[in-house]
Amino acid sequence: MAEDDIYTKDGTVDHRGNPANKKETGTWRACPFILGNECCERLAYYGMSTNLVLYFKNRLHQHSATASNNVSNWSGTCYITPLIGAFLADSYLGRYWTIAIFSIIYAIGMTLLTLSASVPGIKPTCHGGEKCHATTLESAICFLALYLIALGTGGIKPCVSSYGADQFDDTDPVEKEHKSSFFNWFYFSINIGALIASSLLVWIQDNVGWGWGFGIPAVTMAIAVVSFFSGTRLYRNQKPGGSALTRICQVISASTRKYHVQVPSDNSLLYETNDGESAIKGSRKLDHTNELRFLDKAAVVAQSDKVRESPNPWRLCTVTQVEELKSVLRLLPVWATGIIFSTVYGQMSTLFVLQGQTMNTHVGNSSFKIPPASLSIFDTLSVIFWVPVYDRIIVPVARKFTGHKNGLTQLQRMGVGLFISIFSMVAAAILELIRLKMVRKHNYYQLEEIPMTIFWQVPQYFVIGCAEVFYFIGQLEFFYEQAPDAMRSFCSALSLLTVALGQYLSSLLVTIVTKISTRNGSPGWIPDNLNYGHIDYFYWLLTLLSVLNLIAFLIVSMFYTYKRPVGTLR
């Protein structure tokens with residue numbers, strides 16, 4: 001059977017490669033397996049990563065700034081590797097097989113990390129319970145496991161949300177409405193996993209041991225794989241579109257070759273296939289837009305172009321192929337404004353944890369101590385609270401004022417998230433000001449925990465959770481909807497890349513701040529003993545950057561042009 005024969009017109013097939021029966025596949029009947037996979041995978045990820053900065057500091061014997069940077073660099077890598085997975089999914093493997101293969105790599109990394117924390121000879125040597133030291137080999141095995149996990153998650157992150165959205169047909173009004181709800185519940189499932197991770201698993205790591213603390217996430221990852229494969233017969237699979245990188249290069253090459261050619265004012269004179277389907281496999285045609293007119297030169301038919309035969313794609317491209325590149329380029333300014341937000345978001349796993357470690361972690365007068373990293377549970381609870389509030393209350397109210405069917409456009413939703421995130425840094429900075437004032441007043445410099453409850457950190461976590469519901473979910477839907485059909489995994493990876501760059505920016509800022517603030521023997525802003533430091537200054541720095549970033553986002557949003565697929569419901 002020819003490759004083209006096994007796909008339906010919209011590019012979906014079932015698990016055997018036969019045209020997908022829409023009454024038997026896709027929609028919400030397939031989504032529980034995808035959401036279950038995401039919930040378990042995120043439980044494994046957050047269960048392993050939430051407390052990682054303390055594992056580096058207490059088990060690998062790293063300084064606070066070094067541990068923070070290592071977490072930021074590793075977390076950043078976890079959001080760069082999706083570019084690899086996305087390229088393979090869009091171009092050759094499809095999302096199903098990409099998720100399957102990289103999940104196995106992920107599970108291998110989780111297993112190795114568990115062994116590195118529990119097997120004598122490769123786990124760090126500890127004396128007296130807390131005084132630990134790791135050899136070069138032991139540290140190398142730990143980081144090998146972590147970067148295998150980073151590679152594995154690179155095939156899952158950019159594909160799962162897009163794969164879930166693929167189960168809904170854009171040409172069906174009922175299914176299209178459900179697709180918008182899917183992104184809310186997709187992010188909800190992420191936070192259910194994170195809720196268990198930031199509470200139970202962090203407590204196990206601090207009170208039972210790191211072997212169990214990493215072992216349980218490893219088992220959970222295995223459950224995620226089983227959940228994904230269990231729904232195989234119900235999935236709709238999109239046809240891979242071939243190398244997006246090649247198509248982009250072809251447009252650039254063709255437009256450059258024709259730099260001297262005048263683009264006709266009549267857009268119908270630009271080259272496009274005559275049949276109803278796009279020349280790009282599994283992709284709908286795109287309407288012409290007037291921005292970035294230089295690229296339209298690639299679709300201008302010259303005398304040397306043999307249109308009646310098979311034209312050379314390096315000299316003549318279709319309008320859809322040109323618009324595909326335009327769509328990606330239009331996303332970039334919006335994409336860039338997500339970096340600062342991700343830097344703010346990343347503080348939950350670094351400076352928030354170190355700040356909490358200096359505060360009273362006891363619950364009331366009991367002997368029970370809360371692991372500082374467990375405070376991220378309030379970020380998760382905030383998300384779980386705000387998702388239904390947004391879906392059931394904010395959307396209907398906003399719809400009355402805006403007239404938009406979703407209440408807010410995706411860009412408006414993201415802008416609100418950026419605005420709210422500013423207040424999380426303000427709350428963190430004010431708390432640190434009060435904490436340092438208490439340290440100076442009572443000379444608490446040498447106390448490991450000052451008599452100030454860690455629950456004062458709850459507001460900064462809760463505000464970030466609210467910002468996530470607006471920004472990250474809006475970003476997920478925005479990049480899926482505005483991406484070309486054959487580049488949806490890539491554009492999802494592009495949105496995830498902002499998290500990576502945010503982590504790297506955080507690491508860079510910490511490095512610069514530490515170098516400048518430790519001159520002349522000063523302890524600096526972020527010393528090992530934070531009672532001598534000033535991380536409030538760092539929070540104020542992020543507040544300023546967030547304000548400037550919001551202004552840039554508002555300017556970019558004003559000039560954004562939405563993608564226009566042919567034959568799609570608006």
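Computed from a predicted model, the values in this text were never measured in an experiment.
Taking CG from D485 and CE from M487, the interatomic distance works out to 11.5 Å, rounded to the nearest 0.5 Å. The distance from atom CG of D379 to atom CD1 of I464, rounded to the nearest 0.5 Å, is 6.5 Å. Rounded to the nearest 0.5 Å, atoms CZ (R42) and SG (C40) are 12.0 Å apart. Remark: Y471 OH to F478 CZ distance equals 9.5 Å, nearest 0.5 Å. L325 CG to T320 OG1: the interatomic distance, rounded to the nearest 0.5 Å, is 13.0 Å. Between F33 atom CZ and T232 atom OG1 the span is 9.0 Å, to the nearest 0.5 Å.
Note on ring orientation: taking the six-membered ring where Trp is involved, the planes of F56 and F143 are parallel (angle under 30°, cut-offs 30° and 60°). Ring geometry for W28 versus F168: interplanar angle over 60°, hence perpendicular rather than tilted (30 to 60°). Taking the six-membered ring for Trp and thresholds of 30 and 60 degrees, F341 and Y345 have nearly parallel ring planes, at less than 30 degrees apart.
In this structure, the ring pair (Phe, Tyr, Trp, His ring centres under 6.0 Å) partners of F87, at least two apart in sequence or on a different chain, are Y92. Scanning for salt bridge (Lys or Arg N to Asp or Glu O under 4.0 Å) contacts around E324 gives R247, with sequence neighbours left out. With sequence neighbours left out, the side-chain contact (heavy atoms from CB on, under 4.5 Å) criterion links S546 to I340, V344, I422. In this structure, the salt bridge (Lys or Arg N to Asp or Glu O under 4.0 Å) partners of K326, at least two apart in sequence or on a different chain, are D296, E323. Residues that satisfy the side-chain contact (heavy atoms from CB on, under 4.5 Å) test with W97, not counting sequence neighbours, are L93, A100. Partners of T114 under the side-chain contact (heavy atoms from CB on, under 4.5 Å) rule, at least two apart in sequence or in another chain, are S118, F214, A218. Residues passing the side-chain contact (heavy atoms from CB on, under 4.5 Å) test with S327 are L286, R330, P484, K563, sequence neighbours excluded. Every residue two or more places apart in sequence or in another chain was checked for a ring pair (Phe, Tyr, Trp, His ring centres under 6.0 Å) with F538, and none qualifies. With sequence neighbours excluded, the residues satisfying ring pair (Phe, Tyr, Trp, His ring centres under 6.0 Å) with F352 are Y461, Y539.
Side-chain contact between C317 and Y271 is absent, with no heavy-atom pair separated by less than 4.5 Å. Proximity of L381 to F378: side-chain heavy atoms (C-beta onward) are separated by under 4.5 Å at one or more points. Side-chain contact between L52 and W74 is present, with heavy atoms from C-beta onward closer than 4.5 Å. By the 4.5 Å heavy-atom criterion applied to side chains, Y55 and C142 are counted as neighbours. With contacts defined as side-chain heavy-atom distances shorter than 4.5 Å, the pair E41/I190 does not qualify.
Panel note: side chain Q167, backbone C31; no donor-acceptor pair is recorded below 3.5 Å. Under the 3.5 Å distance criterion, the side-chain polar atoms of S103 are matched with a main-chain donor or acceptor of I99. In this structure a side-chain-to-backbone donor-acceptor pair under 3.5 Å is missing from S507 to Q503. A donor-acceptor contact shorter than 3.5 Å is absent between the side chain of S253 and the backbone of C249. In this structure, the side chain of Q347 engages the main chain of T343 through a donor-acceptor pair within 3.5 Å. The main-chain N or O of L554 is never found under 3.5 Å from a side-chain atom of S557 such that the two would form a donor-acceptor pair.
Pairs engaging residues 145-162 under the salt bridge (charged side-chain N to carboxylate O under 4.0 Å, His left out) rule: none recorded [sequence neighbours left out]. The salt bridge (charged side-chain N to carboxylate O under 4.0 Å, His left out) contacts involving residues 91-106 comprise D90-R95, R95-D166, where partners must be two or more places apart or lie in separate chains. Residue pairs meeting the salt bridge (charged side-chain N to carboxylate O under 4.0 Å, His left out) criterion with at least one partner in residues 501-510, sequence neighbours excluded, are absent.
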Set out, in order, the CA-CA distance, both residues' side-chain angles and the distance that settles ring pair (Phe, Tyr, Trp, His ring centres under 6.0 Å) for F490 and F479, then state yes or no.
CA-CA 10 Å; F490 172 77; F479 275 82; over 10 Å; no

S376 and Y46: side chain to side chain contact (heavy atoms under 4.5 Å, CB included), yes or no, with the steps?
CA-CA 10 Å; S376 62; Y46 288 118; over 6 Å; no

Assess the residue pair L151 and Y147 against the criterion (side chain to side chain contact (heavy atoms under 4.5 Å, CB included)); give the C-alpha distance rounded to whole Å, side-chain angles, the decisive distance to 0.1 Å, and a yes or no.
CA-CA 6 Å; L151 178 61; Y147 281 90; over 6 Å; no

Run the side chain to side chain contact (heavy atoms under 4.5 Å, CB included) check on T246 and W314 step by step: do they pass?
CA-CA 9 Å; T246 299; W314 292 94; 4.0 Å; yes

Test ring pair (Phe, Tyr, Trp, His ring centres under 6.0 Å) applied to F470 and F419, step by step
CA-CA 10 Å; F470 282 89; F419 177 73; over 10 Å; no

Take M48 and L146 through the side chain to side chain contact (heavy atoms under 4.5 Å, CB included) test and state the conclusion after the steps.
CA-CA 9 Å; M48 172 270 302; L146 287 171; 3.8 Å; yes

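At a cut-off of 3.5 Å, with distance as the only test, a side-chain donor of T77 or Y504 sits close to an acceptor on the other residue. Counting only N and O atoms by type, the side chains of S495 and Q475 include no donor and acceptor under 3.5 Å apart. Side-chain contact check for T498 and Y79: no donor-acceptor pair (N or O, by modelled atom type) lies under 3.5 Å. Side chains of Q321 and Q250: a donor on one and an acceptor on the other come within 3.5 Å. S162 and S492 form a side-chain donor-acceptor contact under 3.5 Å, judged by distance and modelled atom types alone.
Other residues, nucleotides and ligands place more than 12 heavy atoms under 6.0 Å from the OH atom of Y560.
Judged by the 6.0 Å and 45° rule, R413 forms a cation-pi pair with Y390.
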